[in-house]
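Scroll down for the structure; my scribbles are underneath it.
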Amino acid sequence: MPTLQHAPAGAAPETIAALLDSDGALILDDVLTPAEADRVDREIAPYVEATANGRDSFTGHQTTRTGALVARSPACRDLVMHPTILAACDVFLKRACDRYQLHLTQAIRIRPGQPKQALHRDRLAWGGFLPASIEPQLNTIWAMTDFTEENGATQVVPGSPSWPDKRRAEPHEVGYAEMSRGSVLVYSGSVIHAGGENRSNGDRTGINITYCLGWLRQEENQYLSCPPSIARTLEPDLQALLGYAMGSYALGYFSPPLPAGEGPEGVPPQFALGANIPSGWGEDMLAVISERIRARQSA
Ligand SMILES: O=C(O)CCC(=O)C(=O)O
Ligand SMILES: [Fe+2]
């Protein structure tokens, strides 16, 4: 059975990106202290307890999935903003975008009796239209319980990012993201993986926090899961990660739907959170993009 590579909590972003390119996944060991994991547990527990099982075999009839974790849990905001993960996103995702964004926040509780999930690539969320040369996504699952092969540790097929679409994994090619509570599975949008079967007596809980290229649609609609009334209380970098920032020169502006003459036209999303937008706010980004277009044309 293949095993996953492990790296320390503060691993260099280039190391993480290289393993994501080659293997598609790795485990960062013991990133959270037990007290930090307890805090996450405490904050999400009421929501997780109240969540019904999934609606089909993919979401899992013995699995609960609980979202809106930025709005609901300050401790989960710290996971979203974890410096090791954001540094890895800077290297891994900025190869194909000006800005990456939060894609999904979801506590996944695999309960006893849940069978294996079907193997898949998360990039199929975009329907298979993205060219294979573009890696759209960096994913994390933060272990809130120990992850073991017996209790449903994520199944992962190391090396599968480069496989052709039609290749299916043989059982001996599937490994398990076994890790201790507080560790993090990091995996790409292109690696073949799935939730595991839970043959134990206890729950397996992981916090799935994922990031994607800023020009793609987010899996969890962050503007609805964390609307401006809540987003305006967050730190600016987290607001931007949710999508309350321009994704590129022409991505994401809006016109506040106010009576005629009472609001500006075409302002960045931060305006909805109370920020003052300076005049000529697009100039810097326009210069960057014009330069890039020139460089492409002359290449
Ligand atoms: O819970 C897990 O271990 C993985 C779940 C998964 O891959 C998914 O739902 O897309
Ligand atoms: Fe998945």
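We count ligands from 1, going down the list as the structure has it; atoms in each ligand are counted the same way. Just so it is clear, the model here is predicted, and its values are computed rather than measured.
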(Q) If we count only N and O atoms by modelled type, under 3.5 Å, do the side chains of Thr148 and Asp146 hold a donor and an acceptor together? (A) no
One line per pair, note the atom names and distance for all nitrogen or oxygen contacts under 3.5 Å between ligand 1 and the protein.
| residue | atom | partner | partner atom | Å |
| --- | --- | --- | --- | --- |
| ligand 1 | 1 (O) | Arg204 | NH1 | 3.4 |
| ligand 1 | 1 (O) | Arg204 | NH2 | 2.9 |
| ligand 1 | 3 (O) | Thr154 | OG1 | 2.6 |
| ligand 1 | 3 (O) | Arg204 | NH1 | 2.7 |
| ligand 1 | 7 (O) | Gln117 | OE1 | 3.4 |
| ligand 1 | 7 (O) | His120 | NE2 | 3.3 |
| ligand 1 | 7 (O) | His193 | NE2 | 2.9 |
| ligand 1 | 9 (O) | Arg65 | NH1 | 3.0 |
| ligand 1 | 9 (O) | Arg65 | NH2 | 3.1 |
| ligand 1 | 9 (O) | Gln117 | NE2 | 3.2 |
| ligand 1 | 10 (O) | His120 | NE2 | 3.0 |
| ligand 1 | 10 (O) | Asp122 | OD1 | 3.4 |

Q. When the ring planes of Tyr223 and Tyr244 are compared, do they come out parallel, tilted or perpendicular, using 30° and 60° as the limits?
A. perpendicular
Q. What protein N/O/S atoms lie closer than 2.8 Å to the Fe ion (ligand 2)?
A. His120 NE2, Asp122 OD1, His193 NE2
(Q) Please determine whether a side-chain nitrogen of the Lys or Arg among Asp237 and Arg77 lies less than 4.0 Å from a carboxylate oxygen of the Asp or Glu. (A) no
Q) Are the charged groups of Arg39 and Glu36 less than 4.0 angstrom apart, N to O? A) no
**Q.** Between His61 and Asn53, a side-chain donor and acceptor under 3.5 Å
**A.** no
**Q.** Any side-chain donor near an acceptor of the partner, Glu150 and Ser200, under 3.5 Å
**A.** no
Q) Between Thr66 and Thr51, is any side-chain donor less than 3.5 angstrom from a side-chain acceptor? A) yes
(Q) With a 6.0 Å cut-off (strictly less than), is the heavy-atom count around CG of Asn201, excluding the residue itself, greater than 12? (A) no
Q. Among Arg204, Glu197, Glu178, which residue meets the side-chain contact (heavy atoms from CB on, under 4.5 Å) test with Asn151?
A. Arg204
